[in-house]
Amino acid sequence: MREFLEGSLAVARIIKACKPGVISAYPITPQTHMVEELANFVANGELNSQFVNVESEHSAASVVLGSVAAGVRSYTATSSQGLFYMAEVIFNIAGMRLPLVLTCANRAISAPISIWNDHQDSISLRDSGWIQFYTENLQETVDFHLISYRLSEDKHIMLPVMVCMDGYTLTHGIETIDMPDEAKVDSFLPPYKPLYKLDVDNPLSFGPLADPDYYMETRYAIHQTHKDVLEIMPKLTSEFSRVFGRHYNGLIEEYHTKDAERVIVAMGSVCGTVKEVIDELRAKGKKVGLLKIIAYRPFPAEAIYEALKNIPKVAVLDRSLSLGSYAPVASEVKAAFFGKKKRPEVISSFVVGIGGRDITKDSIKEVLRLVNGREKSNEFIDLKPELLKEEYE
Amino acid sequence: MNSEKKPLLAPGHTACAGCGQAIAARLVVDAAGPNTIIANSTGCLEVFTTKYPESAWEIPWIHSLFENSAAVASGIEAALRYLGKKETINVIAQGGDGGSADIGLQAISGMLERGQDILYVCYDNEAYMNTGVQRSGLTPFNSNTSTSPAGSVSYGNIRPKKPMPEIALAHGIPYVATATVAFVPDLQRKVKKALSIRGPKYIQVHVPCPLGWRHGPELTLEIAKAAVETGLYPIIEYENGSLIGVRKITPRPVEDYLKSQGRFRHLFKNPEEIKKIQDIANNNIQKYGLAAANQPSQ
Ligand SMILES: Cc1ncc(C[n+]2csc(CCOP(=O)(O)OP(=O)(O)O)c2C)c(N)n1
Ligand SMILES: [Mg+2]
């Protein structure tokens, strides 16, 4: 059914359709609306779920760790400082191979404190073992929550998934969304059947101490599973499209890349702005395109290589930093070409929209202008030099 | 305890000889019975029972992190409630004094406040033992630990124990008790009683650590008993906010407790420091009415 909905409420609706038996979260802007809406569903008897109010994000993540370990599909959502406060538990959930879906309403990190959008929160946890998807618009956000539960609970995967949606732009944006029909959701996402759980009839110990004889293989196994995700995602999204009629490749999306001379690589909602600019410039005969990365973990290096190997000029947009080094997405895109036969002449790296700085069509046009020149590294777009004066000498 | 039954914390784990926590943890799980799920904090108990690929636990057991066993247990309880199985399965969260009174206090407070049907058990060996005997919020006054060492200008830990039972009680929960590995039937009775009550429960069990307290492994139970009989570890029980029971004692001088432990040895050159510990014991005796009827309370 097509509905005009706020992003957070749309997420709450799809989560309700996925029927988690336990929900636990702690409030932080801009995640609040989705959790409040779920609380309403539970309060009104529209969703049969245990809604556990906690005193912190550390406990929210720990509660859902416990409930999934006990064999019940669970859900949590957070942002920024909340995700960092969860960080220890985030690694733990992946290490224990517990399937879970978490919505990250992407927000910048303090200090200075900022409630506005960039990707520093989830990018900083990219090495945790979680699968990470970055969504462009609300339809994709809704669909990927559903796909994520299926993927996470696949008995060959058994890893948690973070669906990263841009704070405000998506959480508070309103779009017309085709809300998946609940009966179809039920057929696509059967009830969770745990491979292992805390069960008095079959007592298992979870979370043992692993000495150097055993630890390394547990990490290797997660890494291998990430490679399996690259194989499974296209199959899963084909099945999704058979049921719901919308097609995703699941790892990347190519927009006018085939004959392009200049391609922008980006993640998240900025891809919408980039597509508008591409449409404008294509109308004027300019050969520009977009490569959208949806799956950042696992990183689809091979698909990126194939999509970009014949493109002369590539501009990578990063909405987070690895201060003191190369920006995260750009460095990984570049790594995808190392030791390969073909590569673009230029792979330039641009930093945009940090701490909610607007990314306008002009920002994107500036990137497309600069990518014509020498290769750039960590080139900040829309920086205000007048704010960079030293105040203390 | 029925000796025919297989213990739910099996022998063969790697605890030190004379470890009070190992004995108490077995008594707790045996009292709880096989229909129990345990969430365990990081610490000695977790380390010595579950070194992969072995586990000493015969019940479903989970360790996640140091400070979150109360929250993990809350998730388990919520899951059981969702599955309609909560009525038949006990949920226990447990951890050491550091994991409970310090780093895990916030998660415990959240759990107690939520009214969830969980028993929290704190095994109080009065320091961070797993990391090498650093002081915690439950380390007693004047105790020599690796981060509160006695020195030429210090007698060791500068503060008395944090009043954890009172902190738990202040949450308005239905059951709070202290116990000790020295009095087995009392400990097991309290575990069973706690589990028969719906809602959050807190039990703190005093468990000597021969390595950390520096005493012979054969003295564990004797020292635990002396802690109670000197008035330094009051054995108390609250139901619905009222003190319903205390273990009466014929008070012994605190030296009886202090003398066999290396962590207090430095005090014997300074009688006035021992006097301060006697004052703590006297306060406890008066506050909880510990003195047996024929004894004048001091
Ligand atoms: C967040 C975090 N901080 C510190 C540690 C290190 N650590 C592990 S066990 C432990 C001490 C445990 O002390 P306690 O809770 O009293 O249990 P005990 O070992 O004495 O039984 C510490 C400090 C950790 N694992 N996690
Ligand atoms: Mg301890």
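Hydrogens, waters and symmetry mates play no part in the numbers below; they use all other heavy atoms, side chains included. Throughout, a chain's letter reflects where its sequence line sits, starting with A, and its residues are numbered from 1.
- No more than 12 heavy-atom neighbours from other residues, nucleotides or ligands sit within 6.0 angstrom of CG on B/Leu211.
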Extract the chain A to chain B donor-acceptor pairs under 3.5 Å, no hydrogen or angle test applied.
residue: A/Asn53; atom: O; partner: B/Arg114; partner atom: NH1; Å: 3.2
residue: A/Ser56; atom: OG; partner: B/Gln106; partner atom: NE2; Å: 3.3
residue: A/His58; atom: NE2; partner: B/Glu67; partner atom: OE2; Å: 3.2
residue: A/Ser62; atom: OG; partner: B/Asn68; partner atom: ND2; Å: 2.9
residue: A/Tyr85; atom: OH; partner: B/Gln106; partner atom: NE2; Å: 3.4
residue: A/Asn92; atom: OD1; partner: B/Ser64; partner atom: OG; Å: 2.7
residue: A/Asn92; atom: ND2; partner: B/Ser64; partner atom: O; Å: 3.3
residue: A/Leu204; atom: O; partner: B/Trp61; partner atom: N; Å: 3.1
residue: A/Ser205; atom: OG; partner: B/Ser55; partner atom: OG; Å: 2.5
residue: A/Phe206; atom: N; partner: B/Trp61; partner atom: O; Å: 2.8
residue: A/Phe206; atom: O; partner: B/His63; partner atom: N; Å: 2.9
residue: A/Gly207; atom: O; partner: B/His63; partner atom: ND1; Å: 2.8
residue: A/Leu209; atom: N; partner: B/Thr50; partner atom: O; Å: 2.9
residue: A/Leu209; atom: O; partner: B/Tyr52; partner atom: N; Å: 2.8
residue: A/Asp211; atom: OD2; partner: B/Lys51; partner atom: NZ; Å: 3.0

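- Contact annotation for A/Val54: both backbone and side-chain heavy atoms come within less than 4.5 Å of a heavy atom of chain B.
- In this structure, chain B has no heavy atom under 4.5 Å from any part of A/Val68.
- Between chain A and the residues B/Ala79, B/Pro60, B/Ala56, the most heavy-atom pairs under 4.5 angstrom are made by B/Pro60.
- Of the atoms belonging to B/Ile89, it is side-chain heavy atoms, and not backbone ones, that fall under 4.5 Å from chain A.
- Neither the backbone nor the side chain of B/Ala39 comes within less than 4.5 Å of any heavy atom in chain A.
- Scanning both residues, B/Ala78 and A/Val52, for their nearest heavy atoms gives CB-CG2, 3.7 Å.
- Of the atoms belonging to A/Leu204, it is backbone heavy atoms, and not side-chain ones, that fall under 4.5 Å from chain B.
- Counting heavy atoms from C-beta on, the side chains of B/Ile37 and A/Val200 come closer than 4.5 Å.
- Annotation: side chain of A/Leu65 is not in contact with side chain of B/Leu65 (no heavy-atom distance under 4.5 Å).
- Looking only at heavy-atom pairs under 4.5 Å with chain A, the residue among B/Ile38, B/Leu80, B/Ile59, B/Ile62 that has the most is B/Ile62.
- In terms of heavy-atom pairs under 4.5 angstrom with chain B, the leader among A/Val89, A/Leu198, A/Val22 is A/Leu198.
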